Amino acid sequence: MNGRMRPYLPELTIRDYNTYLWYMRGVRHQMAVSYGRYSCRRLRYNGVLFALLADSLAGRPATCKMTRLQGLPYWQWMMCQTQGIRLAAQVEVLLGWHRLQDAQWGTLSAKRKCQRLLDGLFLRGAYKKAVKENPALERIFVQELDQAKVQRQLFSQNYMLASEPKSNLYAALYAVLSTDDPNQRKSMHYIGGCIGRVVYLMDNAESLARDKIKRRYNVFLANGISSKDAAIENAKRQSLAVANDLVRAYGMLDVKLNRSLLDNIMILGLRHAVDPLDAENQPVRWEMP
């Protein structure tokens, strides 16, 4: 899963598809303008959801206009620079940087190590600028990543306890996207925590074979599950239960804009990321550029 949440295309209307595409271009353009074109390589589509949530919950309608892409000769339709898009660009840069720092170097090939070194070299300036612009976000990352290191040393068998650092990180990030309404902030905090737990469970299940070979901590190995298929089935079962709780919390949000698009991502998109819908039919091909 790798933390990505995207729309479920078979149920997406053309209007919502265009809105998502324009937001994605807007976030990518904001990253290129503010942090350099190289930073756009770290966009993992979460930034698009962050921008959509921040603007839609606050009721900030974004203006779509034709803009020339940074460093390129042609123009494209995209959403203008809103507060949600700027915040999403900052989050994506910080997320990308901390993923690099959290990499397990001993498991990487020589080619991947060289790529990580180049990424670190070219993204350092973007990271420092993002920290200067939003130091509160950086404090969230540092606090939760330190907690994650402690949890890995405990070798806990408790799924809830093991997923707590990533759950807390996503909960804090989603709470930042909400308005000053305490009820909305509480709901967003809970939603983010649910997403973080799903991401942790699915990623650990998919990396079980590598962790077993390298003798690294994995919550499924700690519980005696040594088969990747069994781990994935276990992760799916727990993740679907968490997703059902997320849907109830999401239903209480007062979404002022882009409701149908956000419904598609938060309900169908998350469900599809955990357990692909229509798996027996032809596979879904993502056409987002």
Side-chain angles (χ1 to χ4, degrees), residues 1 3-24 27 44-62 79 82-85 87-88 91 140 159-160 163-164 166-202 235-279 284 288:
M1 184 176 177
R4 300 187 182 193
M5 287 187 62
R6 296 178 289 190
Y8 179 59
L9 287 180
E11 298 294 333
L12 196 65
T13 65
I14 294 176
R15 179 176 181 177
D16 288 341
Y17 176 90
N18 286 330
T19 300
Y20 185 87
L21 195 63
W22 294 334
Y23 258 98
M24 184 170 64
V27 174
R44 297 168 63 86
Y45 303 97
N46 276 340
V48 189
L49 176 58
F50 293 153
L52 276 166
L53 279 169
D55 287 342
S56 300
L57 291 174
R60 290 188 296 264
M79 291 301 185
T82 65
Q83 183 176 341
I85 290 176
L87 178 60
V91 171
I140 291 173
Y159 291 103
M160 183 74 75
S163 63
E164 187 176 357
K166 181 156 285 189
S167 179
N168 289 342
L169 173 60
Y170 276 73
L173 288 177
Y174 277 75
V176 168
L177 303 177
S178 64
T179 61
D180 294 333
D181 181 7
N183 292 327
Q184 185 182 99
R185 185 174 292 271
K186 183 178 180 180
S187 296
M188 287 292 288
H189 189 275
Y190 185 80
I191 288 170
C194 290
I195 293 173
R197 188 178 178 199
V198 170
V199 170
Y200 178 84
L201 291 171
M202 296 303 297
K236 284 182 179 180
R237 184 173 64 254
Q238 294 190 61
S239 297
L240 290 176
V242 174
N244 290 334
D245 290 338
L246 181 150
V247 170
R248 286 192 286 269
Y250 172 72
M252 294 187 292
L253 286 177
D254 180 20
V255 180
K256 299 178 176 62
L257 299 170
N258 304 310
R259 181 83 202 202
S260 59
L261 175 55
L262 287 173
D263 287 351
N264 182 290
I265 299 173
M266 300 295 289
I267 301 174
L268 295 177
L270 179 61
R271 176 67 172 78
H272 182 72
V274 172
D275 189 15
L277 302 171
D278 300 326
V284 176
M288 300 294 181

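Worth saying up front: this structure is predicted, and the values here are computed from it rather than measured. The chain is numbered in sequence order, starting from 1.
Side chain of Gln184 to backbone of Ser178: no donor-acceptor contact under 3.5 angstrom is found. Without hydrogens or angle criteria, Asn244 side chain to Leu240 main chain gives a donor-acceptor distance under 3.5 Å. No side-chain donor-acceptor contact under 3.5 Å links Arg6 to the backbone of Ala273.
Looking at heavy atoms from C-beta onward, Leu257 lies out of side-chain contact with Asp55 at the 4.5 angstrom threshold. Under the 4.5 Å side-chain criterion, counting only non-hydrogen atoms from C-beta, Tyr20 is in contact with Ile265. In this structure, the side chains of Leu262 and Ser56 come closer than 4.5 Å at one or more pairs of heavy atoms. Side-chain contact between Leu261 and Leu12 is present, with at least one heavy-atom pair separated by less than 4.5 Å. Between Leu9 and Tyr17, some side-chain heavy-atom pair lies under the 4.5 Å cut-off. The shortest distance between side-chain heavy atoms of Val176 and Ile140 falls below 4.5 Å. Between Met79 and Thr19 the shortest side-chain heavy-atom distance falls below 4.5 Å. You'll find the side chain of Val255 reaches within 4.5 Å of the side chain of Leu57, heavy atoms only.
Heavy atoms only, all atoms of each residue included: Met266 and Leu246 are closest at O-CD2, 3.7 Å. The shortest non-hydrogen separation linking Ala88 to Gly47 is CB-O, 3.1 Å. Minimum heavy-atom separation, Gly193 to Ser167: O-OG, 2.8 Å. Across every non-hydrogen atom of His189 and Ala171, the tightest pair is O-CB, 3.2 Å. Of all heavy-atom pairs spanning Thr179 and Ala58, the tightest one is CG2-CA, 3.7 Å. Closest approach of Val274 and Met202 over heavy atoms only: O-CE, 3.7 Å.
Counting only N and O atoms by type, the side chains of Asp263 and Tyr250 include a donor and acceptor under 3.5 Å apart.
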Intermediate values then yes/no, side-chain contact (heavy atoms from CB on, under 4.5 Å), Leu21 and Met24:
CA-CA 5 Å; Leu21 195 63; Met24 184 170 64; 3.7 Å; yes
Begin with the C-alpha distance, continue with both residues' side-chain angles, and end with the deciding distance and a verdict on side-chain contact (heavy atoms from CB on, under 4.5 Å) for Ile191 and Leu253.
CA-CA 10 Å; Ile191 288 170; Leu253 286 177; 3.6 Å; yes
Stepwise, does the side-chain contact (heavy atoms from CB on, under 4.5 Å) test hold for Lys236 with Leu201?
CA-CA 8 Å; Lys236 284 182 179 180; Leu201 291 171; over 6 Å; no
Please test Tyr8 against Arg271 for side-chain contact (heavy atoms from CB on, under 4.5 Å), starting from the C-alpha separation and ending with a verdict.
CA-CA 9 Å; Tyr8 179 59; Arg271 176 67 172 78; over 6 Å; no
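At most 12 heavy atoms of other shown residues, nucleotides or ligands fall within 6.0 angstrom of atom NZ in Lys186. Atom CZ of Arg259 has more than 12 neighbouring heavy atoms from other residues, nucleotides or ligands inside a 6.0 Å radius.
Distance check, rounded to the nearest 0.5 Å: OH of Tyr170 to CD1 of Ile195 gives 8.5 Å. Note that CG of Asn264 and CG of Leu270 are 11.5 Å apart. Values are rounded to the nearest 0.5 Å. Taking CG from Leu173 and CG from Leu87, the interatomic distance works out to 9.0 Å, rounded to the nearest 0.5 Å.
With sequence neighbours left out, the side-chain hydrogen bond (donor to acceptor under 3.5 Å, both in side chains) criterion links Gln238 to Arg197, Asn234.
Aromatic ring pairs are classed by plane angle as parallel below 30°, tilted from 30° to 60° and perpendicular above 60°; the pair Phe50 and Tyr174 is perpendicular.
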